[in-house]
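Counting convention: from 1, in listed order, for ligands and their atoms alike. Because the structure is predicted, anything quoted here is derived from the model rather than measured.
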Amino acid sequence: MDPFVTLAVFVFGLIFGSFLNVCIYRLPRGLSVVSPGSACPHCGQHVRPYDNIPLLSWIILGGKCRSCKGRITPRYAIVELITAFAFVACYAQFGLSLSTLKCAVLAFLLIGLIFTDAETHLLPDKMTLPGLAFGLVISFFIPVNDLASLLLPGVFHLPVSPDFSWRLYSFFDALLGAAVGASFLYGAGAIYLRWRGVEGMGFGDVKLMAMIGSFVGLRLTILTILASSLAGSFFGLWTVLAVWIKRTQRRKHVFHESGPAARKNAWASAQVALRRHQMPFGVFLGSMGLMAFFFGEHLLRWYWGLA
Ligand SMILES: [Zn+2]
C-alpha cells in the first residue's frame, strides 16, 4: 500500500462521507442534495466554506454551529470517518482497480442507508435503486463468481466468445442474488405482517436486499440475511431485557412493589414496548451486507473447509 495513495483515498472518503451526511439529512425530507448549500439545522445560517471542511470543522467548532452555538450531531464526524476507513479498506483489499470502485460504491451506499434508516426508519429509493442498477452493470466487468459462474459453464455452453460468456454468467449471479434477496425479504415481511399484525419490514428493506444481492451474489446474500436475522434477534432480546430490568427497578423503588410483582408487571410492559418499537432492520442488513462483502468469502471457505 502506497502511503500517499492511502492518504488520498482517506481524504476522498472524508469528502464522500461529508456528501453522505447531506444525503442522510435531505433525501428522507425530499430535498435536493445539490442546492442550496449546507445550513445550520437550528438557525438556518449558511455554512461558510471554511466551516465546511469534513471532520476538521466539526472538531474545531467543538460540534457546535458558529453562529448560534446549536449542537451539531457527532453523526457528521462519525459518518465521514467510517466512510474514509471503508474506502481505505477497499483500497487495502483490491489495490487501485475497478474492484475498489465497486467496493467503495457499495460501502458509500450502505453507510448512507444504515444511518438514514437508524435516524428516520426510511431507506430512500434514490440510494437503493441506483445501487441495484450499478450492482447489475458492474457485474459485467467484475466477476461475481457465484453459483451461476461455477455451475452453468459445465451444464451448457453459451454461443458466445469465452470472454463474453463469463460476463453473462457473472450478470446471472448478480441477478440471482438480487432476486433471491428481494424475494426472501418480501416473503419474511408478509409472514411477519400476518403474525404480529404490524409491518416489520417495508419495501425499502426489499430493495436494499436486492441491491446488496446484486453486489455479492447468491451465497453471500443468504449469509447476509442469516447474519442480519441473528444480529436483529440479539438486539431485540437485549432491548427487552434492558427495558425489563430498568422498569423492574423503577417499580420497586418508585411504586414500592414487591420483587415478584415488579418483575411480572415490568415484563408485561417490556413486551408492549417491543411490539411498539419498530426495529430499523435496514441497519442490520446494511452492516451485515458490508461484512459479507469484505469477509464472507473467507468465512465460506473456512466453513466448507471444516464441513
Ligand atoms: Zn446555527
Engineer: Run the salt bridge (Lys or Arg N to Asp or Glu O under 4.0 Å) check on Arg263 and Glu257 step by step: do they pass?
Structural biologist: CA-CA 9 Å; Arg263 275 194 290 278; Glu257 292 185 354; over 6 Å; no

Engineer: Listed by chain and number, what are the side-chain contact (heavy atoms from CB on, under 4.5 Å) partners of Phe295, not counting sequence neighbours?
Structural biologist: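 By the side-chain contact (heavy atoms from CB on, under 4.5 Å) rule, Phe295 matches Met291.
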
Engineer: Mark yes or no for whether Thr116, through its side chain, and Leu122, through its backbone, hold a donor-acceptor pair below 3.5 Å.
Structural biologist: no

Engineer: Please confirm whether Phe16 and Phe12 have ring centers closer than 6.0 angstrom.
Structural biologist: yes

Engineer: Give me the protein N, O or S atoms that fall under 2.8 Å of the Zn ion (ligand 1), sorted by chain and residue number.
Structural biologist: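 Per the 2.8 Å query on the Zn ion (ligand 1), atoms found are Cys40 SG, Cys43 SG, Cys65 SG, Cys68 SG.
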
Engineer: Treat each ILVMFWY residue as a node, draw an edge where side-chain heavy atoms are under 4.5 Å apart, and state whether Ile59 and Phe85 are in one component.
Structural biologist: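 Yes, Ile59 and Phe85 fall within the same hydrophobic cluster.
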
Engineer: Hey, does the side chain of Asp146 reach the backbone of Ala148 with a donor-acceptor pair shorter than 3.5 angstrom?
Structural biologist: no

